[in-house]
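Written out below as structure tokens is the structure these notes cover.
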Amino acid sequence: MAAVIEKNKREQIRIEATEFKGQDLVDIRVYYQDQADGEWKPSKKGIAFKTELLPEIIKALQALETTQ
């Protein structure tokens, strides 16, 4: 399952659980819409981290939100 956030008309931010070499990861990546075929494709812009870091990352994001 992926969460999709519209960044603009041609880009999305996708957040999804993935697995790589036996490690469970969270991947947050910018996807772009290919103009040739209209398909959504992953860009190099993003980050992947171990799921065990998720609570700490959520706390950091919430702290950032309260300063805005």
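Positions are given from 1 along the sequence.
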Who pairs with E16 by side chain to side chain donor-acceptor pair (under 3.5 Å), at least two apart in sequence or on another chain? Y31
Run the salt bridge (Lys or Arg N to Asp or Glu O under 4.0 Å) test against K41 and tell me which residues pass, sequence neighbours left out. D34, D37
I'd like to know if I58 and V26 are part of one continuous hydrophobic network [Ile/Leu/Val/Met/Phe/Trp/Tyr, side-chain heavy atoms within less than 4.5 Å]. yes
Under a 3.5 Å distance rule, please check whether T18 uses its side chain to pair with a backbone N or O of D27 as donor and acceptor. no
Where is the tightest heavy-atom contact between P42 and R29, given as atom of each residue plus distance? CB-CD, 3.9 Å
Considering all heavy atoms, the nearest R14-W40 contact: NH2-CB, 3.2 Å
Partner residues of E6 under the side chain to side chain donor-acceptor pair (under 3.5 Å) criterion, sequence neighbours left out: Q12
Taking side chain as C-beta onward, heavy atoms only, is Y32 less than 4.5 Å from R10? no
Quick note, side chain to side chain donor-acceptor pair (under 3.5 Å) partners involving residues 45-65, not counting sequence neighbours, are none
With a 4.5 Å heavy-atom cut-off, do L25 and F49 have their side chains touching? no
Are more than 12 heavy atoms from other residues, nucleotides or ligands located less than 6.0 Å from atom CD of E19? yes
Can you name the residues that form a side chain to side chain contact (heavy atoms under 4.5 Å, CB included) with I5, not counting sequence neighbours? I13, I15
Kindly write out the residues that satisfy salt bridge (Lys or Arg N to Asp or Glu O under 4.0 Å) with D24, not counting sequence neighbours, or none if the list is empty. none
Would you kindly confirm whether L61 and I47 end up in one hydrophobic cluster when ILVMFWY residues are joined by side chain heavy atoms under 4.5 Å apart? yes
